[in-house]
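Shown next, in C-alpha cells, is the structure this report addresses.
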Amino acid sequence: FAGLFQSIQEHCERCENRNVTGGASAGCTGCLTSGIQGEHHTQTPFTPRPLVPGQRRRIVHLAIKRSVDFLVAALALLALSPLLILMAIVIKLDSRGPVFFSHRREGKGGKEFPCIKFRTMISEAHQMQRKLYENNEVDGPQFKLRHDPRVTRAGRWLRATNIDELPQLINVLLGHM
C-alpha cells in the first residue's frame, strides 16, 4: 500500500500547489482497501470542497497572471535570443566551463528551484572562495569582494549590465518565478 498512499499524497500536493482545496472523506482507509479488492464505492479519498467567496476570483487572477508571465517571458526570450546567443559565445571564448550557472533558490511556498544565470566566474570559483575568506568585505554568511579575482572579464561586464540575469526568463517560462 506504500505506493498507493504515496500516489495519493502526490495528488494532494499537486492540488494544493494549484490552490484546490479538499479533504479526506470518512472511512477513507476502508474505501481504499475495499477499492483494491474490486468493490465499487462512491466515496473517494479526496473530495473537492465548494469554492469560498472570492476564491474563484483569485483562481482566475492566478491563471491570468501565469498566462501573462509565460507570454511575456516567451516573447522576451525570442526577442533577446540574438543577444543571448552572443553572450553564450563570449562566455565560452573568455573562459572554460559551462555557459550557465545554476543555484538553488527558494520560491513561493518555500519550494526550491534551480535559478539559471549566465556564468560570470571561473569554473573553480567555489573552491577558491575558502582562500579568499580573509578578504571578505561583508559580515555574516554572505561573501563579497569589490575586486573578486574569480570573476571573468566577460563576467564583470555581464554583471555591470545585469545581462547575467536574463536566463532567469527560462525560470519564469517554467513557472519557477
Side-chain angles (χ1 to χ4, degrees), residues 2-3 5-24 46 48-49 51-52 54-81 83-84 87-88 91 95 97-146 148-152 154-177:
F5 288 115
Q6 183 176 353
S7 175
I8 291 170
Q9 182 180 3
E10 289 169 1
H11 175 71
C12 290
E13 287 172 1
R14 282 193 303 273
C15 288
E16 186 178 280
N17 290 338
R18 290 179 174 89
N19 295 318
V20 175
T21 59
F46 187 81
R49 293 183 186 149
L51 296 175
V52 295
Q55 190 174 15
R56 185 179 310 262
R57 187 178 315 134
R58 184 176 190 286
I59 291 170
V60 170
H61 172 77
L62 289 173
I64 291 171
K65 181 186 180 316
R66 175 68 187 121
S67 299
V68 170
D69 287 350
F70 182 87
L71 183 63
V72 170
L75 291 174
L77 282 169
L78 185 63
L80 294 169
S81 61
L83 175 64
L84 297 173
M87 292 304 100
I91 290 168
S95 62
V99 169
F100 297 108
F101 168 76
S102 173
H103 65 282
R104 305 298 296 172
R105 283 229 182 127
E106 194 171 301
K108 187 175 181 179
K111 187 175 181 180
E112 286 191 357
F113 66 93
C115 184
I116 305 166
K117 297 172 105 177
F118 278 127
R119 182 177 55 83
T120 59
M121 292 188 167
I122 59 173
S123 56
E124 308 85 27
H126 193 66
Q127 292 86 347
M128 287 180 64
Q129 186 171 337
R130 288 248 185 260
K131 296 175 190 170
L132 298 171
Y133 266 126
E134 62 191 40
N135 302 326
N136 191 5
E137 296 173 359
V138 293
D139 290 330
Q142 192 176 20
F143 181 80
K144 190 132 179 126
L145 291 176
R146 203 169 301 132
D148 195 330
R150 302 170 302 156
V151 178
T152 64
R156 274 190 279 286
W157 185 79
L158 288 168
R159 287 179 173 196
T161 59
N162 289 324
I163 291 175
D164 64 319
E165 308 280 345
L166 288 178
Q168 290 180 36
L169 288 168
I170 297 168
N171 289 117
V172 174
L173 203 63
L174 296 173
H176 297 153
M177 299 175 82

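One-based numbering along the sequence shown. On a predicted model such as this, the values are computed, not experimentally measured, just so you know.
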Item to check | Neighbour count >12 (heavy atoms, 6.0 Å) for atom CZ, R104 | outcome: yes
Next on the checklist: On a heavy-atom basis, which atom in S123 and which in G97 lie closest, and how many Å separate them?
Outcome noted: CB-CA, 4.3 Å
Next on the checklist: Rounded to the nearest 0.5 Å, what separates atom CG in L83 from atom CD1 in I163?
Outcome noted: 5.0 Å
Checklist entry - Are F118 and F100 an aromatic pair by the rule of ring centers under 6.0 Å? => result yes
Next on the checklist: Is the shortest side-chain heavy-atom distance between L169 and L80 below 4.5 Å?
Outcome noted: yes
Item to check | Validation row: V68, K65 side chains within 4.5 angstrom (heavy atoms) | outcome: no
Checklist entry - Would you say R156's side chain and V151's backbone share a donor-acceptor pair under 3.5 angstrom? => result yes
Item to check | R119 (side chain) donor-acceptor with P98 (main chain) under 3.5 angstrom | outcome: yes
Checklist entry - Can you list the steps and then say if R66 with D69 is a side-chain contact (heavy atoms from CB on, under 4.5 Å)? => result CA-CA 5 Å; R66 175 68 187 121; D69 287 350; 4.3 Å; yes
Checklist outcome for this item: Rounded to the nearest 0.5 Å, the CD atom of Q55 sits from the NE2 atom of H61 at a distance of 14.0 Å
Checklist outcome for this item: Across all chains, not counting sequence neighbours, the side-chain contact (heavy atoms from CB on, under 4.5 Å) partners of L78 are none
Checklist entry - Distance from I59 atom CD1 to R57 atom CZ, nearest 0.5 Å? => result 12.0 Å
Checklist entry - Of all residues at least two apart in sequence or in a different chain, which pass the side-chain contact (heavy atoms from CB on, under 4.5 Å) check with F113? => result R105, C115, N171, H176, M177
Checklist entry - Once you round to the nearest 0.5 Å, how far does NZ of K117 lie from CD1 of I170? => result 13.5 Å
Checklist entry - Is the backbone N or O of M121 less than 3.5 Å from a side-chain atom of T152, with the two atoms forming a donor-acceptor pair by type? => result no
